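To keep things clear, I will list the structure first and then write my remarks on it.
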Protein chains: 2
Amino acid sequence: MAYAEVFTALADPTRRHIFEALREQPRTVGELAAGQPVSRPAVSQHLKVLESARLVSGEPRGNRRLYSIKREGLEELRQYLESFWSDALSAYSAEIARRIKEE
Amino acid sequence: MAYAEVFTALADPTRRHIFEALREQPRTVGELAAGQPVSRPAVSQHLKVLESARLVSGEPRGNRRLYSIKREGLEELRQYLESFWSDALSAYSAEIARRIKEE
DNA sequence: ACTTACGGTAAGTCATGGCTTACGCAGAAG
DNA sequence: CTTCTGCGTAAGCCATGACTTACCGTAAGT
């Protein structure tokens, strides 16, 4: 059920921007905020959400905190997607055919 | 940029439930509403969002509308995920190493 | 020690969006 | 033709959440 958190985390545009900024390289909160049209506290709050969705992780670097992408959240999402790919497609088209005949 | 709509569509729990109900077999709006704790109009509105995210499609069956899963939305999401998988990981860990040394 | 820089948290504001009821339209049924 | 069933849409309500400013703790620099 962990993919739910990932969906809500990445549903917000600002949060996606932050996440995609980390895609290039790890960054501090200040750096991330500079690249966004919102305040630094806002970025902090977004990072909290992203972290609890296991999409990023942050570790102290002296005075600052360096955030980087974590793949666990993405992995959960990938598994969710995969489960949709193979299954339910035969039973599915069969059901369509059945209902069409019913008309 | 179409994955954005997919994220927002699947971020809502009710919408995910509806989507996953369609995973088994195509269903009408009434059938979907019966399986959810919300009203039928609410389900209609959710289906509208899911449809514009290309996650489902509906076609008239006489009096009713039969909705079924459409894979385009999922495909866009999958591509987005894939782009995260390979790239940016070498440059990424290199950057971590660089910053650690800077301390 | 004092000051400055960085970042997390608290509190409050405002917009978004998910829900409801009410309504209207189209197809099926009688 | 009238009635009933199934859905979509409109309008309005209310909770959630994204943002702000203000504040506090901690590490670094002087």
Side-chain angles (χ1 to χ4, degrees), chain A residues 4-22 25-53 55-70 96 99-103, chain B residues 4-22 25-53 55-68 70 73 96 99-103:
Chain A
E5 235 178 325
V6 179
F7 275 124
T8 52
L10 292 179
D12 182 74
T14 307
R15 225 138 47 202
R16 270 200 311 275
H17 293 150
I18 293 173
F19 182 62
E20 288 163 11
L22 290 179
Q25 58 184 243
R27 299 187 193 275
T28 67
V29 180
E31 289 170 356
L32 289 169
Q36 300 297 326
V38 298
S39 72
R40 189 196 45 73
V43 173
S44 259
Q45 291 161 8
H46 283 310
L47 285 169
K48 197 175 175 184
V49 175
L50 288 170
E51 190 163 24
S52 100
L55 286 166
V56 309
S57 68
E59 48 176 340
R61 278 281 177 277
N63 208 6
R64 339 191 158 181
R65 273 197 128 227
L66 192 61
Y67 280 91
S68 45
I69 280 193
K70 198 176 172 186
I96 287 189
R99 298 226 186 182
I100 288 177
K101 284 183 185 168
E102 272 181 359
E103 291 292 310
Chain B
E5 235 178 323
V6 179
F7 275 124
T8 52
L10 292 180
D12 183 75
T14 308
R15 225 138 46 203
R16 271 200 312 275
H17 293 151
I18 293 174
F19 182 62
E20 289 163 10
L22 290 179
Q25 59 183 243
R27 299 187 192 273
T28 67
V29 180
E31 288 169 356
L32 289 169
Q36 301 296 326
V38 298
S39 72
R40 190 196 43 75
V43 173
S44 260
Q45 292 161 8
H46 283 310
L47 285 169
K48 196 176 175 183
V49 175
L50 289 169
E51 190 161 24
S52 100
L55 287 166
V56 308
S57 68
E59 47 176 340
R61 279 281 178 277
N63 208 6
R64 338 191 159 180
R65 276 199 126 226
L66 193 60
Y67 281 90
S68 45
K70 198 176 171 186
I96 286 189
R99 299 225 185 181
I100 288 177
K101 284 185 187 168
E102 273 181 358
E103 291 292 311

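In this text, all values refer to a predicted model and were calculated from it rather than measured experimentally. Numbers restart at 1 for each chain; the letters A, B, ... are given by sequence-line order, proteins then strands.
Using a 4.5 Å heavy-atom cutoff, the side chains of B/His46 and B/Thr14 are in contact. Considering only heavy atoms from C-beta on, A/Lys48 stays 4.5 Å or farther from A/Ser52 through its side chain.
Whole-Å rounding puts the A/Arg61 CZ to C/dG7 C1' distance at 16 Å. The nearest whole Å value for the distance from the NZ atom in A/Lys48 to the P atom in D/dC19 is 15 Å. Going from atom CG of A/Leu50 over to atom C1' of C/dG8 covers 15 Å, rounded to whole Å. Between the CG atom of A/Leu32 and the C1' atom of C/dG8 there is a distance of 15 Å, rounded to whole Å. Taking atom CZ of B/Phe7 as the reference point, atom C1' of C/dT16 lies 20 Å away to the nearest angstrom. Here C/dG7 presents its C1' atom at 18 Å from CZ of A/Arg27, a figure rounded to the nearest Å. Distance, B/Arg65 CZ to C/dC25 P: 18 Å, rounded to whole Å. The interatomic distance linking A/Leu47 (CG) with C/dT9 (C1') rounds to 14 Å, in whole Å.
Residues B/Ala53 and B/Val6 share a closest heavy-atom pair of O-CG2, 3.8 Å. Between A/Ala4 and B/Arg16 the shortest heavy-atom distance is CB-NH2, 3.3 Å.
Along DNA chain D, the nucleotide closest to B/Tyr67 and the one closest to B/Asn63 are compared, and the more 5′ of them pairs with B/Asn63.
OP1 and OP2 of C/dC6 both lie 4.0 Å or more from every side-chain N or O belonging to A/Thr28. For the OP1/OP2 pair of C/dG7 and a distance below 4.0 Å, the side-chain nitrogens and oxygens of A/Arg64 include no atom meeting the criterion.
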side-chain contact (heavy atoms from CB on, under 4.5 Å) between A/Tyr67 and A/Glu59, worked out: CA-CA 7 Å; A/Tyr67 280 91; A/Glu59 48 176 340; over 6 Å; no
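In this structure, CD in B/Glu5 is found 11.0 Å from CG in B/Leu10, a value given to the nearest 0.5 Å. Here the CZ-CG distance, from B/Phe19 to B/Leu50, works out to 7.5 Å after rounding to the nearest 0.5 Å.
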Are there any protein N/O atoms within less than 3.5 Å of an N/O atom in nucleotides 18-20 of chain C, and if so, which ones and at what distance?
residue	atom	partner	partner atom	Å
C/dG18	OP2	B/Arg15	NH1	2.8
C/dC19	OP1	B/Thr14	OG1	3.2
C/dC19	OP2	B/His46	NE2	2.1
C/dT20	OP2	B/Ser39	N	2.8
C/dT20	OP2	B/Ser39	OG	2.7
C/dT20	O4	B/Gln45	NE2	3.0

